[in-house]
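Step one of this worksheet: look at the structure below.
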Amino acid sequence: MMKLNNKILSILVNFLLVIWQLPQIIVGLIGLAIFRDFEIYTNEFNHITVINVNKGNLFGTACFSSGPIIFTVPNCSEITKRHETGHSKQSIYMGPLFFIVALASIPRFWIRRWFNKSHEWYLSGWPESSAERLGGTKELK
């Protein structure tokens, strides 16, 4: 969700964003219904507000984004939350085509795990490098 100074404009923009990101929101709401442990998180760098769902250690340490809903592990770092809000910003840009991000990100994640690639390798290619930039993680490193 985006925070704007004008309340009416903010409501209108966020309503349109819900429609634009509907596939991701549906997936995120299913996850939210399963895990139920959440907080509202705002990335101060890109001013994106998301629902941060604590998924526990289900799916291991993997964190992921489903549009305006991000899924993280307990005690998740600020860098990881910012990275996931970078994906949320990609969702704002791409709308229903956000599945392209998942199609690129999921295999990259598994290649890193199966072939012991470095974290830097994982973050060096699209869409991860874009999420890093859009989330403002470099400002924290």
Side-chain angles (χ1 to χ4, degrees), residues 1-7 9-141:
M1 299 190 54
M2 297 181 70
K3 290 183 179 180
L4 303 171
N5 292 333
N6 183 315
K7 188 171 183 162
L9 183 59
S10 182
I11 291 169
L12 177 63
V13 167
N14 285 305
F15 174 75
L16 293 173
L17 284 175
V18 166
I19 294 169
W20 179 242
Q21 299 177 87
L22 195 57
Q24 300 88 279
I25 291 173
I26 291 170
V27 170
L29 289 175
I30 292 168
L32 181 60
I34 292 168
F35 297 112
R36 298 186 186 170
D37 181 12
F38 70 93
E39 66 180 359
I40 303 301
Y41 169 78
T42 301
N43 180 332
E44 297 301 324
F45 174 80
N46 64 12
H47 307 289
I48 297 293
T49 299
V50 296
I51 298 171
N52 178 30
V53 178
N54 177 356
K55 66 171 189 62
N57 290 316
L58 191 64
F59 308 118
T61 59
C63 299
F64 54 94
S65 172
S66 187
I69 302 171
I70 64 173
F71 294 86
T72 59
V73 294
N75 303 316
C76 183
S77 73
E78 180 70 16
I79 290 174
T80 300
K81 287 179 185 177
R82 279 195 178 192
H83 175 86
E84 294 308 323
T85 61
H87 284 304
S88 295
K89 196 154 190 180
Q90 289 172 331
S91 176
I92 290 171
Y93 294 153
M94 298 181 78
L97 298 176
F98 184 69
F99 73 91
I100 295 169
V101 171
L103 289 175
S105 187
I106 292 169
R108 192 167 186 82
F109 172 83
W110 285 110
I111 289 170
R112 175 179 176 237
R113 294 282 169 106
W114 290 337
F115 298 104
N116 294 320
K117 298 283 188 180
S118 69
H119 191 64
E120 289 75 24
W121 174 87
Y122 176 71
L123 296 175
S124 68
W126 188 86
E128 304 308 324
S129 59
S130 174
E132 289 282 288
R133 184 177 45 78
L134 293 171
T137 61
K138 291 182 180 27
E139 284 72 10
L140 295 176
K141 293 180 181 177

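Atom set for the values below is all heavy atoms of this structure, side chains included, hydrogens, waters and symmetry mates excluded.
Rounding to the nearest 0.5 angstrom, the gap separating the CD atom in E139 from the CD atom in E78 is 12.0 Å. Here the CD1-CG distance, from I34 to D37, works out to 14.0 Å after rounding to the nearest 0.5 Å. S66 contributes atom OG, which lies 8.5 Å from atom CD1 of I30 (distance to the nearest 0.5 angstrom). Between the CD atom of E128 and the NE2 atom of H119 there is a distance of 9.0 Å, given to the nearest 0.5 Å. Between the OG1 atom in T72 and the CZ atom in F35 there is a gap of 10.5 Å [rounded to 0.5 Å]. Taken to the nearest 0.5 Å, the CG atom of L123 stands 4.5 Å off from the CD atom of E132.
Of the possible polar contacts, none joining the K55 side chain to the T61 backbone as a donor-acceptor pair under 3.5 Å is found. Side-chain N or O atoms of T85 include none that pairs as donor or acceptor with a backbone N or O of I48 at under 3.5 Å. Judged purely by atom type and a 3.5 angstrom limit, R82 has no side-chain atom pairing as donor or acceptor with the backbone of I79.
Taking W110 as the reference, W114 meet the ring-ring contact (aromatic ring centres under 6.0 Å, His included) condition, with sequence neighbours excluded. Under the side chain to side chain donor-acceptor pair (under 3.5 Å) criterion, E84 pairs with no residue at all, not counting sequence neighbours. S130 meets the side-chain contact (heavy atoms from CB on, under 4.5 Å) test with Q90, W126, R133, L134; sequence neighbours excluded. Taking Y41 as the reference, nothing meets the ring-ring contact (aromatic ring centres under 6.0 Å, His included) condition, with sequence neighbours excluded. Partners of S91 according to the side chain to side chain donor-acceptor pair (under 3.5 Å) rule, which considers only residues two or more places apart in sequence or in another chain, are Q21, Q24. Legend: residues meeting side-chain contact (heavy atoms from CB on, under 4.5 Å) with L29, ordered by chain and number and at least two apart, are I25, L32, I69. With sequence neighbours left out, T42 forms a side chain to side chain donor-acceptor pair (under 3.5 Å) with T49. Listed by chain and number, the residues in a salt bridge (charged side-chain N to carboxylate O under 4.0 Å, His left out) with K81 are E39 (sequence neighbours excluded). When the side-chain contact (heavy atoms from CB on, under 4.5 Å) test is applied to L9, the partners found at least two apart in sequence or on another chain are L4, N6, V13.
Sorted by first and then second residue, the ring pair (Phe, Tyr, Trp, His ring centres under 6.0 Å) pairs involving residues 62-94 (not counting sequence neighbours) are F64-F71, H83-H87. Applying the salt bridge (charged side-chain N to carboxylate O under 4.0 Å, His left out) test to every pair with at least one member in residues 43-53, sequence neighbours left out, gives no pairs at all. Here salt bridge (charged side-chain N to carboxylate O under 4.0 Å, His left out) pairs that include residues 104-121, with residues two or more places apart or in two chains, number zero.
Between I51 and I40 the shortest heavy-atom distance is CG1-CD1, 4.0 Å. Shortest non-hydrogen contact noted between G135 and N43 is O-ND2, 3.0 Å. The shortest non-hydrogen separation linking S65 to F98 is O-CE2, 4.1 Å. A102 approaches P107 most closely through the heavy-atom pair O-CD, 3.9 Å. In this structure, G86 and N46 approach most closely via the heavy-atom pair N-ND2, 4.4 Å.
Within the 4.5 Å cutoff, no side-chain heavy atoms of I92 are placed close to those of W20. Residues P23 and F99 have side chains not in contact (no heavy-atom distance under 4.5 Å, counting atoms from C-beta outward). Under the 4.5 Å side-chain criterion, counting only non-hydrogen atoms from C-beta, S105 is in contact with Y122. Between S129 and S124, every side-chain heavy-atom pair lies at or beyond the 4.5 Å cut-off. Looking at V73 and C63, their side chains come closer than 4.5 Å, going by heavy atoms from C-beta outward.
Around the CZ atom of F45, the shell of radius 6.0 Å holds more than 12 heavy atoms that belong to other residues, nucleotides or ligands.
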